[in-house]
Amino acid sequence: MDERRNIPATDRVLSEPRIAAAVERFGRQRVKRVVHDAQRRARAREIPADQVITETAANLPTATGGLRPVLNATGVLLHTNLGRAPLSDAAVLALREAAGTCDVELDLHTGQRGRRGASVTRGLLDAVPEAESAHVVGNGAAALTLAATALAAGREIMLARGEMVEIGAGFRIPDLLCSTGARLREVGTTNRVELADYRAAIGAETGFVLKVHPSNFVISGFTSSVAPGELGALDAPLVVDIGSGLLEPHPRLPDEPDARGALRAGADLVVASCDKLLGGPQAGLLLGKAAIVDKLRKHPLARALRPDKLTLAALHATLCGPPTPTARALECSQRELRARAERIAESARAAGVAATTADTTAGIGGGGAPGVKLPSAAVVLPEHCSERLRHNVPPVLTRVERGNCLVDLFALEPERDAELTETIRRSAPATDSAVGGASCT
Ligand SMILES: *Cc1c(COP(=O)(O)O)cnc(C)c1O
């Protein structure tokens, strides 16, 4: 029988709940074009007839202008390519509320113009009592840019050679610093630096001493670095880039620097990202001495780096709301992860997918805590499922290890398990569904 006779009719495809929802949102004409395209591909035998609905779903217009939600089953908690930290429900709600007109720069008591994002600043100072003042910019790189420009343009920033970090594809902190008109004064060697190196280099040209957390690599062996506690005693302002935005120490990440600790140790200014371990929206934090933060806030460049109201709203809810998905993932035990993996695998097997489970190790990712391995669990599928799952709707990003596709649950919110299970079950071909243990293609 010609398989093409099984190509579903347009109305049948349009009545699929996922596709019907898109019709509601984007109109029948736009969605119909996508259906017709999938049917045409099936007639040309480019895809199997039973894939017309999946193919249509994969190509539906999206409300987000092309950014599609993805399930993060990579076991990498903060995946820069996947938008780093997922926002909490409270933060999402705050985004919606701020999307209209809101009091972002108005004092409702007096009716006068107020300081932009004053509630966020209060939330930050409550969370980090060691800071005298706080300012928020667009991201961590913007925070460094503002600090370098306002405190060291035309002068020197002192930085240990072992802390000349490349954060992600081509983003090099030394290059960013130099682009502001500051000069780098490198001290020490790749593996070692002493307090005496800093002391010898300090002079009239010093804008500030910078300590950067190597957030995506570790140097081991014959090494030494100087802690903020000692650098704080030098005769120059100390700026500490902690990277991940932990506000206080985390018991599972003992080597990860935190804002409170850095300020207590003597930092005059702490710089951090908000969408890494802080678990919030993309933004950059500047926390520290009032005189310094005020100088940054008043610098002309501050206006170019300011965050929008949506970011401020989400950040406030992140700081003052319930634990973020990132914080919850860090609380999750391997026992809980295993139980989730078992439930998903069992349901997948019932649909004919060859699924087992395994213990795995997850990591934080480029967002911080380099080298830290966290016990996790995964659903194990045949390797080729990895590509198939990535093409699904929603796409599921997995990792391939030793010939297996690992669906690691560490970075995935438990609320998404049902959706993940459904996606894995759907990846079993209809004809195989009666055969236990069939593979997922
Ligand atoms: C991530 C990171 C940055 C850059 O922050 P973005 O928010 O990505 O701009 C700067 N410094 C360190 C140490 C980092 O880990």
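Counting starts at 1 for both ligands and their atoms, following the listed order. Heavy-atom basis, side chains included; hydrogens, waters and symmetry copies ignored.
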- Hey, mind stepping through Glu130 and Arg260 against salt bridge (Lys or Arg N to Asp or Glu O under 4.0 Å) and telling me if it holds? CA-CA 6 Å; Glu130 290 81 359; Arg260 297 189 64 182; 2.9 Å; yes
Taking only distance into account, with no hydrogens and no angle test, what donor-acceptor pairs under 3.5 Å do side-chain atoms of residues 409-417 form with protein atoms, sequence neighbours excluded?
residue : atom : partner : partner atom : Å
Glu415  : OE1  : Arg328  : NH2          : 3.0
Glu415  : OE2  : Arg328  : NH2          : 2.8
Arg416  : NE   : Glu419  : OE1          : 2.9
Arg416  : NH2  : Glu419  : OE1          : 3.3
Asp417  : OD1  : Arg340  : NH2          : 2.9
Asp417  : OD2  : Arg340  : NE           : 2.8

Would you tabulate the polar-atom pairs, meaning N/O of ligand 1 against N/O of the protein, with distances under 3.5 Å, reported to 0.1 Å?
residue  : atom   : partner : partner atom : Å
ligand 1 : 5 (O)  : Ser273  : OG           : 2.8
ligand 1 : 7 (O)  : Gly140  : N            : 2.8
ligand 1 : 7 (O)  : Ser273  : OG           : 2.6
ligand 1 : 8 (O)  : Arg84   : NH1          : 2.9
ligand 1 : 8 (O)  : Arg84   : NH2          : 3.0
ligand 1 : 9 (O)  : Gly140  : N            : 3.2
ligand 1 : 9 (O)  : Ala141  : N            : 2.8
ligand 1 : 11 (N) : Asp241  : OD1          : 3.3
ligand 1 : 11 (N) : Asp241  : OD2          : 2.5
ligand 1 : 15 (O) : Ser215  : OG           : 2.5
ligand 1 : 15 (O) : Lys276  : NZ           : 2.7

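- The side chain to side chain donor-acceptor pair (under 3.5 Å) test applied to Asp107 returns no partner, not counting sequence neighbours.
- Remark: side-chain polar atoms of Thr223 are not paired, donor with acceptor, to backbone N or O of Ser220 under 3.5 angstrom.
- Between Leu234 and Leu195 there is a side-chain heavy-atom pair separated by less than 4.5 Å.
- Gln334 pairs by the side chain to side chain donor-acceptor pair (under 3.5 Å) definition with Arg338, not counting sequence neighbours.
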